[in-house]
Amino acid sequence: MPELPDVEGFRRVLRACAKGRTIQHVEVLDTGVLHEVSVRRLRDALEGRRFTEPERHGKWLLARTGGPTLMLHFGMTGQLLCADPQDPAEAHDRVLFTVARDRQLRYRDQRKLRGLWLADDEFEVARLLGGLGPDALTVDRDDFDAALTAHRGSVKTVLTDQGVLAGLGNLLADEILWRARLRPTSRASELDEADLGHLYTHMRRTLRSAVTAGRVPPRDSWLTGHRDDPHPVCPRCGGPLRRTRTAGRGTVWCPRCQ
DNA sequence: ATACGAGCCTGGATGC
DNA sequence: TGCATCCAGGCTCGTA
């Protein structure tokens, strides 16, 4: 699930729950989510440190501490929540960070497709984020145009390629393309000035709304609100939506509007 | 460079 | 009810 808006929501959770607080205890319930770091090193590095202002790039959340940086990626099923340490851990709670007597940050993830990394310094942070393109929420129009048109694949593939643009996932890409009235199979390199303008505008609008909501909202007026319907209908023109596969991912689009 | 499939992991829905 | 199969909004890797 988690795309840029969800991760931005997790960033807010982290800030509200733990910013300025000392990490008293790190408890790893499932080592399967740790990457390139042992339980021992994670605890030694973080316990006693204080969380500072968290950052986000694409779908990565950077939990800064003034020292090492905890890097979180949520895969398809991860989430971050603030709980009471007294509350029993749930089945998919993988790592718990107690930051106060009554506050505990929890990394919960059913499928464990991604997880947690620990960057000792900025070089490590840069290495982990190395292959990523500019963040979709802050990229300017020139960089957006340059990034997209440099690739010859289908526009949907390019939009969801984290190395081109960081943060857009399958749902957002479908939503943005539908709003911009572009077919997912259009070649990115062949988009004209007007297409790029629409894409950029709708990407920004869609992201802004979704970030406010903390996720891509399944509203009736959004394409996303209909992708799971048995016979999905376009909320704009009323025509039947089509389901196809682009780059191995389920794709929903309107053959009449797009 | 691009496309495609398999694989990582788990659970819910579907079909027999 | 039991069991197999497919599918899911993430990403990486190998091959063509």
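Naming convention: chains lettered A, B, ... in sequence-line order (proteins, then strands); numbering from 1 in each chain.
Atom-to-atom, NE2 of A/His35 to P of B/dC9 comes out at 10 Å; the value is rounded to the nearest Å. Whole-Å rounding puts the A/Met76 CE to C/dA8 P distance at 8 Å. In this entry the distance linking CD of A/Gln79 with C1' of C/dA8 reads 16 Å, nearest Å. Computed from coordinates, the A/His73 NE2 to B/dC9 C1' distance equals 15 Å when rounded to whole Å. One atom, CG of A/Leu168, and another, C1' of C/dC11, lie 15 Å apart when rounded to the nearest Å. Look at CG on A/Leu116: it is 17 Å from P on B/dC9, rounded to the nearest Å. Nucleotide B/dC9 holds its P atom 12 Å from the CZ atom of A/Arg94, rounded to whole Å. Whole-Å rounding puts the A/Phe10 CZ to C/dG9 C1' distance at 12 Å.
Comparing the same atom, P, in B/dT10 and in C/dT1 gives a spacing of 26 Å after rounding to whole Å. Comparing the same atom, P, in C/dG10 and in B/dA1 gives a spacing of 23 Å after rounding to whole Å. Nucleotides C/dG9 and B/dT14 place their P atoms 16 Å apart, quoted to the nearest Å. Across the P atoms, B/dA6 and C/dT5 are found 15 Å apart, a figure rounded to whole Å.
At a threshold of 4.0 Å, the pair A/Asp30-A/Lys112 counts as salt-bridged, since one of the basic side-chain nitrogens sits closer than that to a carboxylate oxygen. A salt bridge links A/Asp135 with A/Arg56; the closest basic N to acidic carboxylate O contact falls under 4.0 Å. The pair A/Glu27-A/Arg106 does not count as a salt bridge, with every side-chain nitrogen at least 4.0 angstrom from each carboxylate oxygen.
In this structure, A/Lys112 reaches the B/dT10 phosphate: one of its side-chain N or O atoms is under 4.0 Å from OP1 or OP2. Within the 4.0 Å cut-off from OP1 or OP2 of C/dC11, at least one side-chain nitrogen or oxygen of A/Gln162 is found. Considering only side-chain N and O atoms, A/Arg111 lies nowhere under 4.0 angstrom from the phosphate OP1 or OP2 of B/dG7.
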* **Watson-Crick and G-U pairing of DNA chain B, under 3.5 Å, as dot-bracket with | and [ ]** => .|||||||.|||||||

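Here the closest heavy-atom approach between residue A/Pro2 and residue A/Val7 is recorded as CB-CG2, 4.4 Å.
For the atom pair A/Arg256 CZ and A/Leu241 CG, the distance stands at 10.0 Å (nearest 0.5 Å).
Taking the side chain of A/Arg114 as heavy atoms from C-beta on, and the options C/dG9, C/dA8, C/dT12, the nearest nucleotide is C/dT12.
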N/O-N/O pairs, protein side and nucleotides 11-14 of chain B side, under 3.5 Å:
unit_1, atom_1, unit_2, atom_2, d
B/dG11, OP1, A/His92, NE2, 3.3
B/dG11, O4', A/Gln110, OE1, 3.2

Distances for protein N/O vs nucleotides 2-4 of chain B N/O pairs under 3.5 angstrom?
unit_1, atom_1, unit_2, atom_2, d
B/dT2, OP1, A/Arg152, N, 2.4
B/dT2, OP2, A/His151, ND1, 3.2
B/dA3, OP1, A/Arg187, NH1, 3.2

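Considering only residues two or more places apart in sequence or on other chains, A/Arg187 meets the salt bridge (Lys or Arg N to Asp or Glu O under 4.0 Å) condition with none of them. A/Arg114 meets the salt bridge (Lys or Arg N to Asp or Glu O under 4.0 Å) test with no other residue; sequence neighbours excluded.
In the hydrophobic clustering of ILVMFWY residues, with side-chain heavy atoms under 4.5 Å counting as a link, A/Ile176 and A/Trp222 come out together. Connection of A/Trp178 to A/Leu207 is not established within any shared hydrophobic cluster, with ILVMFWY side chains joined at heavy-atom distances below 4.5 Å, either directly or through further cluster members.
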Would you give me the side-chain donor-acceptor pairs under 3.5 Å for residues 68-82 of chain A, sequence neighbours excluded?
unit_1, atom_1, unit_2, atom_2, d
A/Thr69, OG1, A/Arg64, NH1, 3.0
A/His73, ND1, A/Gly75, N, 3.1
A/Thr77, OG1, A/Asp109, OD1, 2.5
A/Thr77, OG1, A/Arg111, N, 2.9

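In the model, A/Gln104 has a side-chain atom that pairs as donor or acceptor with a side-chain atom of A/Thr98 under 3.5 Å.
Judged by distance alone, with hydrogens and angles left aside, A/Arg249 brings no side-chain donor or acceptor close enough to the base of C/dA8 to form a pair under 3.5 Å.
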* To do: Show the numbers, then the answer: is there a side chain to side chain donor-acceptor pair (under 3.5 Å) between A/Thr185 and A/Lys156?
  => CA-CA 7 Å; A/Thr185 47; A/Lys156 172 156 181 183; over 6 Å; no

